[in-house]
Amino acid sequence: MLSGKKTVEALDRMELMYPDAKGELDHETPFQYLIAVIMSAQATDVSVNKVTPTLFASYPTAHDLAKAPLEDVMEKIKTIGLYKNKAKNIIKTSQMLVEQYDGEIPQTIKELVKLPGVGIKTANVVAGDMFNVPAIAVDTHVERVSKRLRICKQSVSVTEVEEVLMKKIPRERWVQAHHTIILFGRYHCTARAPKCEGCPLLDMCIEGQRNLIKKEK
DNA sequence: ATCCCGAGGG
DNA sequence: CCCTCTGGAT
């Protein structure tokens with residue numbers, strides 16, 4: 001298992017590769033960001049950014065989306081996949097925001113996860129990016145990178161990955177670390193064909209060294 | 001553990 | 001063709 005010190009070293013090297021890492025979902029308000037993050041489940045941010053201009057042109061606020069016809073919302077977000085559940089969730093979430101928060105969005109993770117379509121990952125992302133609440137959202141990229149680098153064991157759950165990362169990374173770096181690891185996973189340590197050749201982290205990555213040996217054959 | 005679910009990449 | 005994408009609810 002990679003120690004806390006080595007984990008920070010790995011993070012430092014990733015930050016050199018992606019010094020300005022931040023969320024890539026287009027939005028103009030915290031409400032729109034919440035909706036975009038909900039829709040980004042099992043979808044690329046590129047595909048989400050493709051539907052949000054149309055969606056938010058018709059329904060820019062929680063008050064608007066709360067009254068939107070389900071069929072119309074489904075039609076507008078169809079291309080992102082899982083669209084039936086997502087359409088229901090973002091309308092219902094908007095209705096709850098209107099009823100409980102006057103159309104604004106709550107600032108705590110505890111309150112955010114009560115909204116339909118909002119799990120711990122989405123809540124962490126929104127609270128971290130919009131309100132600077134210290135959190136590490138573990139998505140598919142963060143999980144894959146953490147396990148490949150042996151920051152945590154292969155078998156652990158998403159919750160445990162989050163716990164290990166919070167222990168090994170200083171609190172003030174949590175929010176930024178999330179974005180850095182995401183970009184490293186999205187563009188470099190990819191799921192299918194990771195760019196192990198010449199990777200700055202190769203010397204601390206057993207998985208990467210194995211991959212290169214495999215390539216030799 | 002299973003379902004949802006279209007688009008893009010290799 | 002098969003795999004993957006900033007998961008969540010049941």
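On a predicted model such as this, the values are computed, not experimentally measured, just so you know. Residue numbers begin at 1 in each chain, while the letters A, B, ... track the order of the sequences.
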Visitor: Could you check whether any side-chain heavy atom of I90(A) comes within less than 4.5 Å of a side-chain heavy atom of L65(A), counting everything from C-beta outward?
Guide: yes
Visitor: Which ones in residues 114-131 of chain A lie close to DNA chain B, meaning a heavy atom under 4.0 Å from one of its atoms?
Guide: none
Visitor: Using a 4.5 Å cut-off on heavy atoms from C-beta on, say whether the side chain of P30(A) contacts that of E104(A).
Guide: no
Visitor: Identify whether the distance between the nearest side-chain nitrogen and carboxylate oxygen of R150(A) and E207(A) falls below 4.0 Å.
Guide: yes
Visitor: Any base atoms under 4.0 Å from G185(A), or only sugar-phosphate, or nothing? Heavy atoms, all strands.
Guide: nothing
Visitor: What heavy-atom pair brings A123(A) and I109(A) nearest, and what distance separates the two atoms?
Guide: CB-CG2, 3.9 Å
Visitor: Using a distance-only test with no angle check, is there a side-chain donor-acceptor pair under 3.5 angstrom linking E143(A) and T140(A)?
Guide: no
Visitor: Is the closest side-chain heavy-atom distance between S40(A) and I80(A) below 4.5 Å?
Guide: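 No; the side chains remain at least 4.5 Å from each other.
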Visitor: Please check this pair: side chain of Q176(A) against backbone of R173(A), looking for a donor-acceptor N/O pair closer than 3.5 Å.
Guide: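 No; zero donor-acceptor contacts below 3.5 Å.
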Visitor: Work out how far the C1' atom of dT6(C) is from that of dA1(B), and round it to whole angstrom.
Guide: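 Looking at atom C1' only, dT6(C) and dA1(B) are 23 Å apart.
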Visitor: With the side chain counted from C-beta on, respond yes when F31(A) and P60(A) share a heavy-atom pair under 4.5 Å apart, and no when they do not.
Guide: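 No - every pair of side-chain heavy atoms lies 4.5 Å or more apart.
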Visitor: Between R13(A) and E9(A), is there a salt bridge with N-O shorter than 4.0 Å?
Guide: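 Yes, E9(A) and R13(A) are salt-bridged.
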Visitor: Checking K121(A) against V142(A) for the side chain to side chain contact (heavy atoms under 4.5 Å, CB included) test, could you report, in this order, the C-alpha distance in whole Å, the side-chain angles of both residues, the deciding distance, and whether it holds?
Guide: CA-CA 11 Å; K121(A) 178 257 165 182; V142(A) 175; over 6 Å; no
Visitor: Would you measure the distance from the P atom in dT10(C) across to the matching atom in dC5(B) and give it in whole Å?
Guide: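 15 Å, rounded to whole Å.
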Visitor: What are the 5'-most and 3'-most nucleotides of DNA chain C lying under 4.0 Å from any heavy atom of chain A?
Guide: dC2(C) to dA9(C)
Visitor: Treat primed atoms plus P, OP1 and OP2 as sugar-phosphate and everything else as base, then score nucleotides 5-10 of chain B 5' to 3': B for base contact with protein heavy atoms under 4.0 Å, S for sugar-phosphate contact only, - for none.
Guide: BSSSBB
Visitor: Which is more 5' along DNA chain C, the nucleotide nearest N89(A) or the one nearest H178(A)? Just name the residue.
Guide: H178(A)
